[in-house]
Every structure is written in structure tokens, then in C-alpha cells.
Chemist: 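Sharing a structure, written as C-alpha cells. Questions coming.
Atoms within a ligand are numbered from 1 in the order they appear, just like the ligands themselves.
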Amino acid sequence: MRKLLVAGNWKLNGSIAMTADLISEIIEGLPNEKNFDVAIFPPFVYLPLANTSVGNAIKYGGQTVSEHESGAYTGEISAAMLKELGCQMVLVGHSERRSYYKESSANIAKKFQAALKHGLTPVLCCGETLEQRESGVTEKVVADQINAVIELVGIEGFANAVIAYEPVWAIGTGKTASSEQAQEVHAFIRSLLSLKSDTIAHLVPILYGGSVKGSNAKELFSMQDIDGGLIGGASLTSEDFLAICQQADVLSS
Ligand code: PEP
């Protein structure tokens, strides 16, 4: 049985004070015993604070990682460095990294590989733009993004990984894919993985991301192939984030 995962991507937001407050409010607001997972992805500089304050209730990780081990790569952070800070997970291939920083699927596959090598769970983000959806190539786009990783690390690489399907047109726009639209792509992703391994396909958590909030989380997370959410805007206040966690709790109890 896959556990639901509610993961918050803070993007370029926060401060030391906000990180400390948000983490303690989330911990306080989560049920003492829960049957779902929670993760946060603060900016790199707040990871040491996450390391000393999250305890066992929340997992945490970076929003991206270098594909390199070390060397002359100014501004980069390696998977070993994240691991040293106690990170368990890392986002790779977020659409903002793909579009603003021109990360290719080949780069992203190397980041995924670097994460695995250092014992981090990569959260591979994939998803189509509005233009791609309207021209009917959603499945091809998502398949290409996932296949680039399979080509490098094999299907076995997904035995300890998470996929986040995030239609670009739904990120930060207030537009959510309907639960049926999301389920359709999630089922496609699982069928794509099952071409290589049925076992791994059924094991991999597939999160939905794109304007998830307390009011739509339950409907989305109840779909057969949706195993939680990657949350942007609504992960920045404890009230909004906990409202989503509460829906995950209801579905997991
Ligand atoms: C995201 O960027 O991963 C995201 C899903 O953002 P939002 O929830 O704000 O749409």
C-alpha cells in the first residue's frame, strides 16, 4: 500500500524566522500518529535549521541538486552536501528549473542519479505546458521526461523515488487539473513504468502538483493513482498546509 505524501515546495520564499515558525506550527498541527508522510523543501540556506528542528515528523530536502560530485561549479550544491545536512529527499526537474534555468531532461536524469547515489529519494517533476496539452501531446511530453531517467538509471532507479505530475498550466495559476484529468495522466505514468516493471510501477508514489489547496486535496488524493501532492503556494502558511494534511489524514485513517 502506498502512503500519501504531502510535500511543500517553498521555492524562493522564507526567512530564518519564517522557517522556524512554520516548522514548529506544522509539527504542532500534525496528528501525533499519522499514516501519511509530510515533507518540506525550503531554500538551501534554511536546511540546517530544518535539520535541527523537524524531528521525526517531517522529511525535508533541497529544491534541486547538482549532477556533479564536486569541483568548479560555482553556486551548486551536491547530493553529498544535502545528505550531510540530513536531507532524505530532493526535488529534480521542477518545471521552473526546466524553463527558467534551461535544465534538460538529460541534466535532470543525472541529478536523479546523483541523488540516488547518495541515498536521497529524488522527486522527479514532470508535466506539460498548456500549449502541449492543447496540441494533444501531454502523454508524449511526460513519457519523454520519465524515459530520459529510465534510460540513465534503469527502472530500478524508481524503486526509491517519487514522481510529481505537475501540469505547468496549473502551477501557481489557481487553475487545478480536475481530479479526472490528473488521474488520467497518473494512470498513464504508472502504465508507462509497468512496461518495465509492474512491481515498481505499483510501488512508486505519484504526487499531483498544481494549485492544490485544502478545498480540493481530498478529491484529488482520493483518486486511485494520486498518492498525495506537491504543494507550492499553499505550503507557505501552516494554516493552508495543515488544511491539506488534514485531508490526507482523513483519507489515511
Ligand atoms: C509547484 O510549484 O510545485 C506547485 C505545485 O505550485 P502551486 O501549488 O503554487 O501551484
Chemist: Got a sec, which residues hit salt bridge (charged side-chain N to carboxylate O under 4.0 Å, His left out) with Glu69, two or more places apart in sequence or on another chain?
Modeler: Lys117
Chemist: Counting distance only, does the side-chain N/O of Tyr208 pair as donor-acceptor with the main-chain N or O of Gly210 below 3.5 Å?
Modeler: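 Yes, Tyr208 side chain to Gly210 backbone: donor-acceptor pair under 3.5 Å.
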Chemist: Is the backbone of Val204 close enough, under 3.5 Å, to the side chain of Arg190 for a donor and an acceptor to pair up by distance?
Modeler: yes
Chemist: List the residues meeting salt bridge (charged side-chain N to carboxylate O under 4.0 Å, His left out) with Asp144, not counting sequence neighbours, and say none if there are none.
Modeler: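 Asp144: salt bridge (charged side-chain N to carboxylate O under 4.0 Å, His left out) contacts with Lys140.
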Chemist: Consider only side-chain N and O atoms of Arg98 and Ser104, and report whether a donor and an acceptor are under 3.5 Å apart.
Modeler: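 Result is no, nothing qualifies.
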Chemist: Show me the donor-acceptor pairs, under 3.5 Å and distance only, between side chains in residues 79-90 and residues at least two apart or in other chains.
Modeler:
| residue | atom | partner | partner atom | Å |
| --- | --- | --- | --- | --- |
| Lys83 | NZ | Gly119 | O | 3.3 |
| Gln88 | OE1 | Tyr60 | N | 3.0 |

Chemist: Using heavy atoms and a cut-off under 4.0 Å, could you grab the residues that are in contact with ligand 1, chain by chain, numbers ascending?
Modeler: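 The answer is Asn9, Lys11, His94, Glu166, Ala170, Ile171, Gly172, Gly209, Gly210, Ser211, Leu230, Ile231, Gly232, Gly233, counting any residue whose heavy atom sits under 4.0 Å from ligand 1.
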